[in-house]
Amino acid sequence: LHSCVFKNVSSISKTEKKCFIEEIPDETMVIGKYRTQLWDKQTGSFLPATPGLGMHVEIKDPDTKIILSRQYGSDGRFTFTSHTPGEHQICLHSNSTKMALFAGGKLRVHLDIQVGEHTNNYPEIAAKDKLTELQLRARQLLDQVEQIQKEQNYQRYREERFRMTSESTNQRVLWWSIAQTVILIITGIWQMKHLKSFFEAKKLV
Amino acid sequence: RLLGLIPEVLVQVLWAHLLCGWAFGSELTFELPDNAKQCFYEDITIGTKCTLEFQVVTGGHYDVDCRLEDADGTVLYKEMKKQYDSFTFTAAKNGTYKFCFSNEFSTFTHKTVYFDFQVGEDPPLFPNENRVTALTQMESACVSIHEALKSVIDYQTHFRLREAQGRSRAEDLNTRVAFWSIGEAFILLVVSVSQVVLLRSFFSDRKTTTTRVGS
């Protein structure tokens, strides 16, 4: 079909959530596909999983608001488009209703996350819009340049945040230094005055 | 760590890669908790040129242990406490390769790790077409622009990671400055007041002693 970009994840226990972070600019499309396989002790290999072995997919945007939370079957596909630039979190955890998974069993998940221009299926686009090879290549280059532009816009937004954080730190350091010096002087003066009046009262001075 | 409510079944969920068609590349960012190890599996055919690149984005001293093993368990690459590295190799055997990231040396900082595992070349634009004639000038210009843009995107990714690193350090510094300033002001007040109280207590005792001796 189209190019597969699969990802690896490691072994986890059945009900544990596995999360991946995708830092993307806004208006970027992300397609995720997964396929599960169950370890079969008899044949000693991974076989396609039985129905009832589902995965729950939860996607959070940079403001930790849930934008997608759905239960899928043993094979599933999810899509979302980012409306805020930043770190999106894609979490998956297996949610089996049947006792298909016995103790010591292994579940293998093939996961595929495609971002931005990788979501385009060029042979399909060529067939739909009836493009020649050169036109298709030009289209691919245009998509790539668009992705670069979006990333650069996102970079500008991030740099602004960084600059605000640095300036806030600078301000805080400045004001707290002044405040601490003032506190120091005031407590010094207070100590001297208090002790002086104390000793005078005790007739030691 | 078990998070769910079903206690009796402990199942190992192996997430795996799948070799599909020509080749692929995959990049992933995940969080590695303290004292944890995360492994990834890859099915690679013999003779494929692969590149593994990783970078620690946030956490502690920004370092992680990385280990790459081939299908028989032979260690191809092993580095401890590295911040960033890139390793290219040609697969000598068929099978499932495994690479692991370990944060077991860290007691309380969890790290965010980015990795990019490229296997083979990119799939062609027209997978069904057999390339018989050579590319025209326009087509080869397009191909070279495509490769250049790919490397631009790659540089952008690395820049984004470095910027994320710098920004997370700056935000840490900001909160730390706030807490330390408040804490220090508080300590200052407490110390100065207790100094005065302590001094007063010394002189109070001596006064009583002097009075007793006097009479």
Side-chain angles (χ1 to χ4, degrees), chain A residues 3-23 94 101-111 122-123 133-134 136-138 140-141 144-145 147-148 151 155 158-159 161-162 165-166 168-169 172-173 176 179-180 183-184 187 191 194-195 198 202 204, chain B residues 1-6 8-18 20-21 24-26 28-31 38-42 112 123 125-128 138-139 142 145-146 149 152-153 156 159-160 163-164 166-167 170-171 173-174 177-178 181 184-185 188-189 192 195-196 199-200 203 207:
Chain A
S3 71
C4 310
V5 177
F6 284 124
K7 305 205 194 274
N8 282 328
V9 183
S10 71
S11 53
I12 56 168
S13 54
K14 187 170 83 89
T15 48
E16 188 170 324
K17 215 187 255 198
K18 224 45 176 189
C19 292
F20 302 100
I21 300 165
E22 286 291 341
E23 194 172 0
S94 71
L101 302 167
F102 45 88
K106 284 193 263 188
L107 181 71
R108 177 178 279 187
V109 182
H110 299 253
L111 176 64
Y122 288 105
E133 190 181 325
L134 207 57
L136 189 70
R137 284 189 193 276
Q140 190 188 38
L141 294 177
Q144 273 189 305
V145 169
Q147 190 180 347
I148 290 170
E151 183 77 29
Q155 182 59 45
R158 280 196 306 265
E159 189 273 337
R161 261 189 62 188
F162 191 165
T165 307
S166 299
S168 154
T169 307
R172 284 186 190 184
V173 164
W176 276 110
Q180 274 183 35
I183 290 173
L184 198 63
T187 47
Q191 276 183 327
H194 187 88
L195 286 174
F198 175 68
K202 296 282 180 190
L204 292 169
Chain B
R1 292 193 317 244
L2 276 171
L3 295 174
L5 302 165
I6 305 170
E8 66 273 16
V9 179
L10 180 79
V11 173
Q12 298 228 298
V13 180
L14 293 170
W15 300 67
H17 257 251
L18 178 72
C20 157
F24 61 93
S26 66
L28 197 56
T29 313
F30 65 96
E31 201 170 281
Q38 184 94 308
C39 291
F40 296 76
Y41 303 86
E42 205 63 64
T112 311
L125 216 47
F126 296 95
N128 301 319
M138 283 292 279
E139 282 167 2
C142 283
I145 295 174
H146 177 67
L149 289 179
V152 169
I153 291 174
Q156 270 191 330
F159 183 71
R160 168 170 62 83
E163 188 273 340
R167 189 163 31 92
E171 282 169 3
L173 188 66
N174 199 11
V177 161
S181 305
E184 221 178 295
L188 202 63
L189 286 169
S192 51
Q195 272 182 334
V196 169
L199 217 56
R200 282 172 64 128
F203 285 100
K207 175 72 164 69

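Every chain is numbered from 1, with letters handed out A, B, ... down the list of sequences.
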Report task. Give the member of A:R172, A:H194, A:E159 that has the highest number of heavy-atom pairs under 4.5 Å with chain B. Result -> A:R172

Requested in this report: Give, as side chain, backbone, both or neither, the part of B:L188 having an atom under 4.5 angstrom from any heavy atom of chain A.
Outcome: side chain

Report task. Decide side chain to side chain contact (heavy atoms under 4.5 Å, CB included) for A:K18 and B:E31; before the verdict, give the C-alpha distance in whole Å, the side-chain angles of both, and the deciding distance to 0.1 Å. Result -> CA-CA 9 Å; A:K18 224 45 176 189; B:E31 201 170 281; over 6 Å; no

Report task. Look at B:E171 together with A:R161 and state whether they make a salt bridge at an N to O cut-off of under 4.0 Å. Result -> yes

**Report entry** Nearest heavy atoms of B:F30 and A:C19, plus distance in Å
**Finding:** CB-O, 3.9 Å

Query - Heavy-atom pair with the smallest gap, counting every atom of B:E163 and A:F162 - result: OE2-CD1, 4.0 Å

Requested in this report: Considering only NZ, NE, NH1 and NH2 on the basic side and carboxylate oxygens on the acidic side, decide whether A:E151 and B:R160 come within less than 4.0 Å.
Outcome: yes

Query raised in the report: At a heavy-atom separation under 4.5 Å, does A:F198 approach chain B through its side chain, its backbone, both, or neither?
Result: side chain

Requested in this report: Find the distance between CD1 (B:I153) and CD1 (A:I148) and round it off to the nearest 0.5 Å.
Outcome: 4.5 Å

Report task. Go through the steps for A:Q140 and B:H146 under the test side chain to side chain contact (heavy atoms under 4.5 Å, CB included), then give the verdict. Result -> CA-CA 8 Å; A:Q140 190 188 38; B:H146 177 67; 3.5 Å; yes

**Report entry** Side chain, backbone, both or neither of A:E23 within contact of chain B (heavy atoms, under 4.5 Å)
**Finding:** both

**Report entry** Among A:Q155, A:R158, A:Q191, A:Q180, residue most engaged with chain B (heavy-atom pairs, under 4.5 Å)
**Finding:** A:R158

Report summary line: Smallest heavy-atom separation, B:A170 atom then A:T169 atom, equals O-OG1, 4.1 Å

Report summary line: Rounding to 0.5 Å, atoms CD1 (A:I21) and OG1 (B:T112) come to a distance of 5.0 Å

Report task. Would you check if there is a donor-acceptor pair between the side chains of B:N174 and A:S168 at a distance under 3.5 Å? Result -> yes

Query raised in the report: Given that the side chain runs from C-beta out, which part of A:L141 has a heavy atom under 4.5 Å from chain B: side chain, backbone, both or neither?
Result: both

